[in-house]
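For reference, the structure discussed in these notes is given below.
Reminder, nothing fancy here: chain letters follow the sequence lines and each chain counts from 1.
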There are 2 protein chains.
Amino acid sequence: MSLRNAVMAALLDGESSGYDLAKVFDASVANFWICTPQQLYRELDRMEADGLISARTVEQERRPTKRLFALTPEGREELTRFTAARHKPTAIRDELLVAVLAADSGDVEAVKASIRERKQWAEAKVERYERLRAKLLDGLPEEEFLATAERVGPYLTLLRGLSFERDNARWCARSLTVLERRGARLDAAK
Amino acid sequence: MSLRNAVMAALLDGESSGYDLAKVFDASVANFWICTPQQLYRELDRMEADGLISARTVEQERRPTKRLFALTPEGREELTRFTAARHKPTAIRDELLVAVLAADSGDVEAVKASIRERKQWAEAKVERYERLRAKLLDGLPEEEFLATAERVGPYLTLLRGLSFERDNARWCARSLTVLERRGARLDAAK
DNA sequence: CTCACATACTCAACTTGTTGACTAGGTGGA
DNA sequence: TCCACCTAGTCAACAAGTTGAGTATGTGAG
């Protein structure tokens with residue numbers, strides 16, 4: 001049920017098409033939630049059926065017709081109810097960690113390569129999030145932004161995504177060092 | 001398909017019953033993967049059908065009969081193949097973050113309460129992981145352990161879980177400060 | 001003596017998330 | 001002119017995760 005709420009949270013900024021939502025998700029909500037366009041469209045249909053959002057069809061010139069979705073009062077209520085609910089903690093659920101767990105009796109070189117790849121990916125994400133952060137702050141010092149902005153939710157969740165990826169990159173670096181040192185030791189023992 | 005591989009990684013330490021695996025999962029793999037017993041038993045059945053693990057029934061006195069599962073050579077191969085594969089990055093996927101994203105137009109007090117609760121939970125996890133870490137190290141300095149231990153996978157994944165929860169707690173603290181300061185400002189404006 | 005908790009599972013229904021393919025027109029560059 | 005990419009979706013099949021309930025016995029605390 002969380003995708004629903006993530007979509008509604010995204011619609012707080014105003015009406016949007018499914019296609020645009022997919023991009024917004026990719027660009028901002030993706031810090032902590034990801035979904036495919038297919039999932040999004042399916043969910044949007046259901047949400048409309050449940051009266052949480054309303055859709056209007058907009059014909060465009062030179063572009064396919066699109067449907068714009070907006071939060072209904074019921075949707076807004078539902079979202080508020082959701083914010084008031086208790087939320088279960090989650091785990092990381094990362095395949096790479098499963099691979100590292102099994103690395104000792106698996107293909108260590110391949111695991112190291114995966115970690116290196118992930119490290120680069122995480123660092124790229126960090127840079128992207130930093131740019132997004134600068135854009136959100138719009139030149140203001142953080143404290144001033146936080147005191148005056150209409151919404152701080154997007155900023156706070158961005159911070160979480162940012163520190164998550166920083167942490168990922170750090171852990172990757174540390175794990176690589178450990179695995180490389182062991183590799184050297186094992187080679188020396190041969 | 002990752003649950004399969006997480007189970008196989010857990011079976012690297014030797015034969016185990018479904019019930020025990022559930023506990024092992026809860027205690028160590030849970031740093032980065034969680035699953036319910038039902039999911040586990042279902043997966044074990046499938047894995048046995050696929051020849052990745054073998055089961056033997058053990059009758060016990062004063063206790064229900066149990067089935068012990070062990071990795072087969074095919075399972076070991078499959079696990080090695082998995083470690084050699086590429087792994088997609090994941091996002092956090094945390095309901096609490098969805099709630100924070102929507103907090104500005106939701107029930108801010110309730111969200112703050114949720115963050116406080118989560119902070120405590122994360123801190124408790126950190127303590128638990130620290131204890132687990134001390135147990136794994138068994139009195140050795142980290143570098144010595146890493147150089148001599150048979151497996152470092154469990155230690156490295158534990159580190160990831162540990163820093164994830166530390167990060168969670170830090171973020172919770174920061175978010176609370178921000179939301180409380182805003183609350184004060186908005187009250188003053190009334 | 002009862003009640004909670006531990007062991008050791010099983011079944012079923014349901015919701016979410018993933019994967020791959022498909023439609024159909026418009027835009028921009030070599 | 002062709003090819004790639006952008007807009008704006010849709011459909012179907014399947015895999016994975018969640019929820020709730022049920023079975024049956026044994027142990028230890030109050």
Whole Å only: how far is the [atom1] atom of [X] from the [atom2] atom of [N]?
{"X": "A:Glu59", "N": "D:dA8", "atom1": "CD", "atom2": "C1'", "value": "13 Å"}
{"X": "B:Glu61", "N": "C:dA8", "atom1": "CD", "atom2": "P", "value": "14 Å"}
{"X": "A:Gln60", "N": "D:dT7", "atom1": "CD", "atom2": "C1'", "value": "8 Å"}
{"X": "B:Tyr41", "N": "D:dT23", "atom1": "OH", "atom2": "P", "value": "17 Å"}
{"X": "A:Asp50", "N": "C:dT15", "atom1": "CG", "atom2": "P", "value": "11 Å"}
{"X": "A:Met47", "N": "C:dT16", "atom1": "CE", "atom2": "P", "value": "12 Å"}
{"X": "A:Leu40", "N": "D:dG9", "atom1": "CG", "atom2": "P", "value": "10 Å"}
{"X": "A:Glu95", "N": "C:dT18", "atom1": "CD", "atom2": "P", "value": "11 Å"}

Original post:
So, B:Glu165 and B:Arg128, do they make that salt bridge, N to O below 4.0 Å?
Top reply: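 Salt bridge flag = no for B:Arg128 with B:Glu165.
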
**OP:** For the pair B:Glu43 and B:Arg4, find out whether any cationic side-chain nitrogen is under 4.0 Å from an anionic carboxylate oxygen.
**Re:**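 Yes, charged N to carboxylate O under 4.0 Å.
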
Heteroatom pairs (N/O) under 3.5 angstrom, protein to nucleotides 16-18 of chain D:
{"residue": "D:dA16", "atom": "OP1", "partner": "B:Met1", "partner atom": "N", "Å": "2.2"}
{"residue": "D:dG17", "atom": "OP1", "partner": "A:Arg93", "partner atom": "NH1", "Å": "3.0"}
{"residue": "D:dG17", "atom": "OP2", "partner": "B:Gln39", "partner atom": "NE2", "Å": "2.8"}
{"residue": "D:dG17", "atom": "O5'", "partner": "B:Gln39", "partner atom": "NE2", "Å": "3.4"}
{"residue": "D:dG17", "atom": "N7", "partner": "B:Arg42", "partner atom": "NH2", "Å": "2.8"}
{"residue": "D:dG17", "atom": "O6", "partner": "B:Arg42", "partner atom": "NH1", "Å": "3.3"}

**OP:** Would you indicate whether A:Glu59, at its atom CD, is surrounded by more than 12 heavy atoms from other residues, nucleotides or ligands within a distance under 6.0 Å?
**Re:**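 No.
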
**OP:** Check whether any side-chain heavy atom of A:Leu12 lies under 4.5 Å from a side-chain heavy atom of A:Arg76, and answer yes or no.
**Re:**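 In short, these two side chains touch, coming nearer than 4.5 Å.
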
Subject >> Side chains of B:Ile92 and B:Phe164 in contact at under 4.5 Å (non-hydrogen atoms) >> reply: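 Contact flag for B:Ile92/B:Phe164 side chains = yes.
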
Original post:
Where along residues 10-29 of chain B does a heavy atom come under 4.0 Å from DNA chain D, residue by residue in number order?
Top reply: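 Close to the strand, none.
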
Original post:
When hydrophobic residues are tied together by side-chain contacts of less than 4.5 Å, even through go-betweens, does A:Trp171 share a cluster with B:Leu136?
Top reply: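 Same cluster.
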
Subject >> Sole candidate of A:Leu97, A:Leu96, A:Asp94 that passes side-chain contact (heavy atoms from CB on, under 4.5 Å) when paired with B:Thr157 >> reply: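 Going through A:Leu97, A:Leu96, A:Asp94 one by one, the side-chain contact (heavy atoms from CB on, under 4.5 Å) with B:Thr157 is satisfied by A:Leu97 alone.
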
Original post:
Do A:Asp13 and A:Arg151 pass the salt bridge (charged side-chain N to carboxylate O under 4.0 Å, His left out) test, and can you show the C-alpha distance, the side-chain angles, and the key distance before you say yes or no?
Top reply: CA-CA 10 Å; A:Asp13 281 332; A:Arg151 292 182 64 190; 3.0 Å; yes

Original post:
Looking at B:Arg170, B:Arg160, B:Arg166, which one forms a salt bridge (charged side-chain N to carboxylate O under 4.0 Å, His left out) with A:Asp167?
Top reply: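 Only one of B:Arg170, B:Arg160, B:Arg166 forms a salt bridge (charged side-chain N to carboxylate O under 4.0 Å, His left out) with A:Asp167, namely B:Arg160.
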
